Amino acid sequence: MSQPSILVALELSTTLDDLAPVLQLARATGWPLHLLHAAAPEPDFVGYDETGGPYDEERRANELTDELRDLNAMAKTIGEDGIQTEAQVVVGPTVEVILQKAAENDAAVVAIVGHKHNAMHRLVQGSVAAALLKAANVPVLVLPTQEEDDDSAEESGHRLRHALEHFETEHPNLTKVLNDISYYLSGSGL
C-alpha cells in the first residue's frame, strides 16, 4: 500500500493563506500534497467545427499551460517549506475529476476552498463542496476562503468566467440551447 496523501482541489484564485490548515496537516502527517485544478472542458459553440477549430484549440491550450505554470509556482513555494508537493491541471467535470484523482493518489483527505458565491451561482452550478461531501469515500475538508469583500473588477471577471466554465461543463445540453438561441438572436437583429 502506498503512502496516504492530501488532495487539494483548488481554484486558481486560491492563495497560500487559504491553504494554511492543509499545510499544517501536511507538516504534521508528512503526507505529500497533490494540488489539483479541475479545468472545465471547452464547450462546443455554434459556428465552430466539432473540435473547436485550430485557433480555439490553441487559445485553450495556452490557458491550460498558464494555469499549470501558476499551480507549479504555488507547488514550488510549498515545497520550499519542506512539504512534498506536485501540481496538476486536469480537464473535465470538477467533481468527477476530483474523485478520480483522489483515488489515484490514495488521498486520505480531500481539501477544497469554499469560495463565497451568490444564490444565482449556487442555483446554476450547485456546490462542488456539497457534491463531494455526498460522493467522496474519504473525509472532505472545506476550508473557508480569505477573500476580501472589495474584489477588483478583474477578480470578479475571473470568478464569472470560472462559474460559466463550470456551468458549461455541468449543463452541456442547456449550454448548446442557449448558444443556439444567442446565435439566432444575433442574426435576426434583436
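From a predicted model like this one, the values you see are computed outputs, not experimental measurements. Computed over heavy atoms, backbone and side chain alike; hydrogens, waters and symmetry mates excluded.
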Assess whether atom CD of Gln84 is packed by more than 12 heavy atoms of other residues, nucleotides or ligands within 6.0 Å.
no
Tell me whether Ser5 contacts the main-chain N or O of Asn105 through its side chain, where contact means a donor paired with an acceptor under 3.5 Å.
yes
Distance (rounded to the nearest 0.5 Å) between Leu25 CG and Leu19 CG
12.0 Å
Option from Thr85, Ile98, Leu35 for which side-chain contact (heavy atoms from CB on, under 4.5 Å) with Val8 holds:
Leu35
Can you tell me how far the CG atom of Leu10 sits from the CE atom of Met74, to the nearest 0.5 Å?
6.0 Å
Could you please spell out the steps behind the side chain to side chain contact (heavy atoms under 4.5 Å, CB included) verdict for Ile112 and Leu143?
CA-CA 6 Å; Ile112 62 171; Leu143 303 169; over 6 Å; no
Test side chain to side chain contact (heavy atoms under 4.5 Å, CB included) on Gln88 and Lys101 and set out the steps.
CA-CA 10 Å; Gln88 192 172 20; Lys101 291 300 172 184; 3.5 Å; yes
Please tell me whether Gln100 and Glu96 have a donor and an acceptor in their side chains that are separated by less than 3.5 angstrom.
no
Mind checking whether Glu86 and Pro32 have side chains closer than 4.5 Å, heavy atoms only?
no
Distance (rounded to the nearest 0.5 Å) between Leu71 CG and His37 NE2
8.0 Å
Between Leu7 and Ala102 the two heavy atoms that sit nearest each other are CD2-N, 3.7 Å
Least distance between heavy atoms, Ala39 atom then Leu64 atom:
CB-CD2, 3.7 Å
After noting the C-alpha distance and the side-chain angles of Leu23 and Leu33, does the key distance pass the side chain to side chain contact (heavy atoms under 4.5 Å, CB included) rule?
CA-CA 8 Å; Leu23 300 178; Leu33 288 180; 3.6 Å; yes
Which residue pairs pass the salt bridge (Lys or Arg N to Asp or Glu O under 4.0 Å) test when at least one of the two sits in residues 69-83, sequence neighbours left out?
Arg27-Asp81, Asp66-Arg69
How close do Trp31 and Ile83 get, heavy atom to heavy atom, and via which atoms?
O-CG2, 4.5 Å
Is Asp18 reaching over with its side chain to a backbone N or O of Thr15, donor-acceptor style, under 3.5 angstrom?
yes
In Å, rounded to the nearest 0.5 Å, how long is the span from CG of Leu132 to OG1 of Thr94?
9.0 Å
CD-CG distance between Glu63 and Leu12, expressed to the nearest 0.5 angstrom
10.5 Å
To the nearest 0.5 Å, how far apart are CG in Leu141 and CD1 in Ile6?
9.0 Å
